[in-house]
Structures are given as structure tokens and as C-alpha cells.
Colleague: 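Structure incoming, see below.
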Number of protein chains: 2
Amino acid sequence: MRDYYTITELTREFGISTRTLRFYEDEGLIHPVRRGRTRLFRPADRILIKQILRGKRLGFSIAEIREIIQMYKAPPGEVGQLRTIINKAAEKREELRQKRKDIEDTLAELEQVEEACLGRLAELRVTS
Amino acid sequence: MRDYYTITELTREFGISTRTLRFYEDEGLIHPVRRGRTRLFRPADRILIKQILRGKRLGFSIAEIREIIQMYKAPPGEVGQLRTIINKAAEKREELRQKRKDIEDTLAELEQVEEACLGRLAELRVTS
DNA sequence: AGATACTCTTACGTAAAAGTCAAATAAGTG
DNA sequence: CACTTATTTGACTTTTACGTAAGAGTATCT
């Protein structure tokens, strides 16, 4: 496990631009340290980037991703805070289950599409 | 099953604006018929709207949703076309499986968050 | 030393997906 | 029929998530 990654190393690993990483920093999603003015990304930042990109793939906005990330690193906190986090996490999980159902439905429909196409291809071979 | 729905009925059912439905029409995703200038939505349009919103929940762009919808209603077509559709469908399915994995991972992490919070709550009750 | 490769900040630009507003029609109701 | 409510088109605006370009600093290679 490396101590530090440069910004370009990470853009190459994840196929994103430097602008994107700086944008995520501006948005408070990551907090690379500095040597002079240059950003140095630690393994923890790298994992955060993975989580951000995963959230993006699922269609979450930056704001939503920030919320999710903040749940991960919520400090011990007091009772009220803990309850709030538990509720938010439950909400997000419900949303994720809905998305999962959406995926299952779409997958099923696409499988039907494929079957229909294969069936039609078979027909064409017989007919021709 | 109703013959026609007005635009407002559908905005209420799906919690979207008229602007949104007109935008989807402009984008060629739906094709409501007209009585005079007024749009009348048929059950088929309603189902399309459901599919569009499902795609949106999964983070697909309008362009991607259009592609998916076009696969559903692809005509018999000739061999080359059929193969193209089969390939596209396979691609989309792969993408969906990735999203499903992302969901599983995020769900697992959020469950950990909840457990950690519950554990901390239990501690607080004992400690106090 | 010069070239090459990274990096920084600042600022303006842009595409997607609607939101908002105006002005005009149309339709349904007491 | 007047009134209200729904609908239309068209145009302008907004938000999000970056892209892009300028101008300057820094580090490494040759």
C-alpha cells in the first residue's frame, strides 16, 4: 500500500480528469494533503474516490454522495445524532432496494429482447 | 384500463411536471396523440413513462433510455440489425449487473453503519 | 539550459434535464 | 355566459457536473 498518489496517477487509474478530482475536493468529498501547493492523495482518499464513482454509477448526485460518505465517517456522536444517522441509512437502503428492483425488472426485459431476437434469427435461418 | 389519460393525471400519478412530459415528447420518448392541440396519453404511453422514470432512477441519461426503449420496440428486422440489438442488450445487461454489484456493496456498507450506530447506542445506555 | 511533464489557481463555457414565466386557447361548471 | 381550471407553445433561466483555456510555478530528463 502506497503512502501517496499523485493526482495524475489517480486520474489514470480511474479514467477521470484532474478537474474532476479538484472538483470533488471543492465539494468537500475528499481532502488530499498538500506538499507546497501540490495535492497528495492518501490511500483513504483513493477509497473515497472509489465510493464516489460507485455512487455516480448509481445515479446519485454529488450532494447525495456527500451524505452517504458522511454517514460512513460519522463520529461516535450523541444519541440524537446516532438516531438521525440510523434513519438516513435506512432511507438510503430503501432507495437502493428500489434501484435493485428496477435493475431486476430491466434485466428481465432485456433478456426477453434477446430471446425475441434469437427466436427471430432462428426463424430467418429456417425460412431462407 | 383507461383509454386516455390527460397530462395532469399523469403528472400527479408520477409526481413529475407537465414540462417534463413535454420534454420527453420532444426527445421522442413518448408520442401522445392529439385531440385538437391537447395531448392524450394512452396506456402504452403510461407504460413508457414508467420505463423512463425507472431508467432515470438508475442514472441513465435520456439518450441511454431512448436506446433501451428502442430495443423493446425493435421491429423484426434483418439479420444484421438483430445481431446489433442482441449485442447492445448484452452490453446494457453487463452495465446493469455492475450497478447491481455497486448496490450490494453500498447496502452492505450502510448495514455496517447502522450496526455501528446501534452498538454505540447500546454502549451509551450502559455507560450513562 | 532547454524541453518535457506535472501541477496549481482562476475563470469562463457547456450539455443535460428540466424549471419558470408569458400569452393564448380550450374546456368544463355554477 | 362568466368564471375557473387545464393546456398549449415558446422562450428564457437554472442547476449540476464537470470541460477548457490561460498563465504561472515546479520537477525531471537530456
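Letters A, B, ... mirror the listed sequences (proteins, then strands); counts begin at 1. None of the values given here were measured: they were computed from a predicted structure.
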Colleague: Could you tell me how far apart B:F23 (CZ) and C:dA16 (C1') are, to the nearest whole angstrom?
Modeller: 7 Å
Colleague: Hey, which of B:R39, B:R42, B:E9 is the one that makes side-chain contact (heavy atoms from CB on, under 4.5 Å) with B:Y4?
Modeller: B:R42
Colleague: Taking CD1 from A:I65 and P from D:dT16, how many angstroms apart are they, rounded to a whole number?
Modeller: 13 Å
Colleague: Under 4.0 Å between a side-chain N/O of B:R34 and OP1 or OP2 of D:dT9, yes or no?
Modeller: yes
Colleague: Does C:dA17 have its OP1 or OP2 closer than 4.0 Å to a side-chain nitrogen or oxygen of B:Y24?
Modeller: no
Colleague: Could you state the atom-to-atom distance from CZ of B:R22 to C1' of D:dC12 in whole Å?
Modeller: 16 Å
Colleague: Answer yes or no: is there a side-chain heavy-atom contact under 4.5 Å between B:F60 and B:K92?
Modeller: yes
Colleague: Of the residues in residues 35-56 of chain A, which ones touch DNA chain C at a heavy-atom distance under 4.0 Å?
Modeller: A:R37, A:T38, A:R39
Colleague: Please report, rounded to the nearest Å, how far the C1' atom of C:dA18 is from the CD1 atom of B:I16.
Modeller: 11 Å
Colleague: Just by distance, with hydrogens left out, do B:T18 and B:R22 show a side-chain donor and acceptor under 3.5 Å apart?
Modeller: yes
Colleague: Check the phosphate of C:dA17 against B:T20, side-chain N and O only, distance under 4.0 Å to OP1 or OP2. Yes or no?
Modeller: no
Colleague: Any side-chain N or O of B:S17 under 4.0 Å from OP1/OP2 of C:dG19?
Modeller: yes
Colleague: Which listed nucleotide (D:dC18, C:dA17, D:dA6) is nearest to the side chain of B:R12?
Modeller: D:dA6
Colleague: How long is the line joining CD1 of B:I30 and C1' of C:dA18, in whole Å?
Modeller: 14 Å
Colleague: Would you mind reading off the distance between B:L21 atom CG and C:dG19 atom C1', rounded to a whole angstrom?
Modeller: 14 Å
Colleague: How about B:E91 and B:N87: does a side-chain donor come under 3.5 Å of a side-chain acceptor?
Modeller: no
Colleague: Quick one, A:E25 and A:P32 - any side-chain contact, counting heavy atoms below 4.5 Å?
Modeller: yes
Colleague: Do you know the tightest heavy-atom contact between A:I103 and B:L96?
Modeller: CG2-O, 3.7 Å
Colleague: What integer distance in Å separates B:E25:CD from C:dA17:P?
Modeller: 17 Å
Colleague: Picking from C:dT9, C:dA17, C:dA11, which would you name as closest to the side chain of A:R19?
Modeller: C:dA11
Colleague: Select base, sugar-phosphate, or nothing to describe what B:T6 touches, counting heavy atoms under 4.0 Å on all strands.
Modeller: sugar-phosphate
Colleague: Give a yes or no on this: more than 12 heavy atoms of other residues, nucleotides or ligands lie within 6.0 Å of atom CZ of A:R35.
Modeller: no
Colleague: In whole Å, I'd like the distance from the CG atom of A:D26 to the P atom of D:dG19.
Modeller: 14 Å
